[in-house]
Amino acid sequence: MLRNLLSSMMQQYGPKHKATMAPINTLISLLCIQGKYTEAEDFCQHTLNTRRAAFGDLDQHTLTAMHRLATLRIAQHKYAEAESICRMNLPTMKQVLGHRHPTTLSLTANLADVLRARGDVGEAQRHIAIALEGIRTRTRDTNPTTLEFRAIAAHVGLAGGADTAGTRSAVKAVLDDLVTHLGTAHHLTQRYAAVLLADPDDGPP
């Protein structure tokens with residue numbers, strides 16, 4: 001159904017029209033949730049190339065496409081590539097969109113997640129703290145984006161070996177809120193329940 005809608009909008013508006021952006025983003029997200037990373041990557045790369053040609057490197061839509069690509073690389077566990085994308089684009093996002101724009105904050109959280117996976121817990125903690133502080137000025141703690149940032153923060157805490165009452169409390173609180181506000185079937189609940197309750201000896205996902 002979504003593919004049919006996207007095809008219809010492409011025919012009506014053309015691939016470079018901003019009206020086609022939302023359904024493309026939704027389709028990429030759905031493909032990632034389904035684990036269809038190759039197909040998602042094709043859409044993501046095509047979207048990035050189209051937006052660059054239409055709007056230039058500094059346009060919000062191009063920067064959003066770069067953020068999507070970084071998120072995809074993380075889902076594929078291609079952390080070196082993801083880190084490169086995040087570091088290359090984060091300064092530009094701060095300059096063009098602002099330090100507290102949702103896309104900037106999301107890329108900051110992505111970078112924290114990547115650094116956690118690569119073992120740089122100290123820098124990961126600094127970045128996720130910035131992302132959490134920023135998003136909390138815009139949304140409630142039970143907003144899906146804020147919940148994801150909180151889950152990343154808890155994961156970073158666990159990766160740092162902080163098996164403290166505070167860390168365990170943060171893990172329990174975010175898992176409870178994910179279940180309560182998003183439901184057990186939501187992809188964020190399932191993802192973070194798996195990683196936050198995993199045996200730390202299994203290594204980072």
Side-chain angles (χ1 to χ4, degrees), residues 29 32-35 37 40 67-90 93-94 99-205:
S29 295
C32 287
I33 292 169
Q34 295 168 359
Y37 298 125
H67 167 253
R68 287 281 179 187
L69 185 59
T71 303
L72 177 60
R73 290 290 181 262
I74 293 172
Q76 295 171 302
H77 297 178
K78 296 180 178 179
Y79 297 120
E81 292 181 39
E83 181 178 353
S84 178
I85 294 170
C86 289
R87 290 194 185 279
M88 181 174 62
N89 289 278
L90 192 54
M93 284 190 179
K94 289 178 179 178
H99 285 67
R100 296 201 170 187
H101 189 279
T103 304
T104 305
L105 295 172
S106 188
L107 194 69
T108 304
N110 279 351
L111 180 56
D113 202 20
V114 168
L115 292 168
R116 183 270 316 159
R118 304 197 76 192
D120 193 346
V121 176
E123 190 177 358
Q125 289 174 330
R126 291 192 293 273
H127 282 290
I128 195 58
I130 291 169
L132 258 179
E133 180 186 6
I135 203 66
R136 278 172 164 159
T137 67
R138 307 179 64 95
T139 65
R140 297 180 178 180
D141 262 18
T142 53
N143 175 276
T145 300
T146 311
L147 283 170
E148 183 168 18
F149 288 12
R150 287 172 57 199
I152 292 172
H155 201 186
V156 169
L158 291 175
D163 187 17
T164 64
T167 301
R168 293 192 296 272
S169 176
V171 169
K172 183 180 186 304
V174 72
L175 289 177
D176 286 347
D177 282 346
L178 282 166
V179 170
T180 299
H181 297 282
L182 301 184
T184 56
H186 195 280
H187 68 98
L188 288 178
T189 305
Q190 294 184 353
R191 174 187 175 189
Y192 287 107
V195 299
L196 293 177
L197 297 177
D199 185 338
D201 293 333
D202 292 340

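Only heavy atoms go into these numbers, but all of them, side chains included; no hydrogens, no water, no symmetry mates. Computed from a predicted model, the values in this text were never measured in an experiment.
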salt_bridge(D120, R87) N-O dist < 4.0 Å =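 So D120 does not pair with R87 through a salt bridge.
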
Carboxylate-amine/guanidinium proximity below 4.0 Å for E83 and R73 = no

Heavy atoms only: give me the nearest L182-P144 pair and the separation to one decimal.
-> CD2-CG, 3.8 Å

Any idea which heavy atoms bring V171 and L158 closest together, and the distance?
-> CG2-CD1, 3.9 Å

Using 0.5 Å steps for rounding, measure from the [atom1] atom of [X] to the [atom2] atom of [Y].
{"X": "L147", "Y": "H186", "atom1": "CG", "atom2": "NE2", "answer": "9.0 Å"}
{"X": "K78", "Y": "I85", "atom1": "NZ", "atom2": "CD1", "answer": "10.0 Å"}
{"X": "R150", "Y": "D177", "atom1": "CZ", "atom2": "CG", "answer": "4.5 Å"}
{"X": "T145", "Y": "I135", "atom1": "OG1", "atom2": "CD1", "answer": "5.5 Å"}

Considering only heavy atoms from C-beta outward, does the side chain of [X] approach that of [Y] to under 4.5 Å?
{"X": "Y79", "Y": "L115", "answer": "no"}
{"X": "Y192", "Y": "V174", "answer": "no"}
{"X": "L196", "Y": "L175", "answer": "yes"}
{"X": "N110", "Y": "D113", "answer": "no"}
{"X": "R140", "Y": "T146", "answer": "no"}

Side chains of residues 101-108: which donor-acceptor pairs under 3.5 Å do they make with residues two or more places apart or in other chains?
residue : atom : partner : partner atom : Å
H101    : ND1  : T103    : N            : 3.0
T104    : OG1  : G98     : O            : 2.9
S106    : OG   : H67     : NE2          : 2.8
T108    : OG1  : T104    : O            : 2.8

Do R100 side-chain atoms and R138 backbone N/O form a donor-acceptor pair below 3.5 Å?
-> no

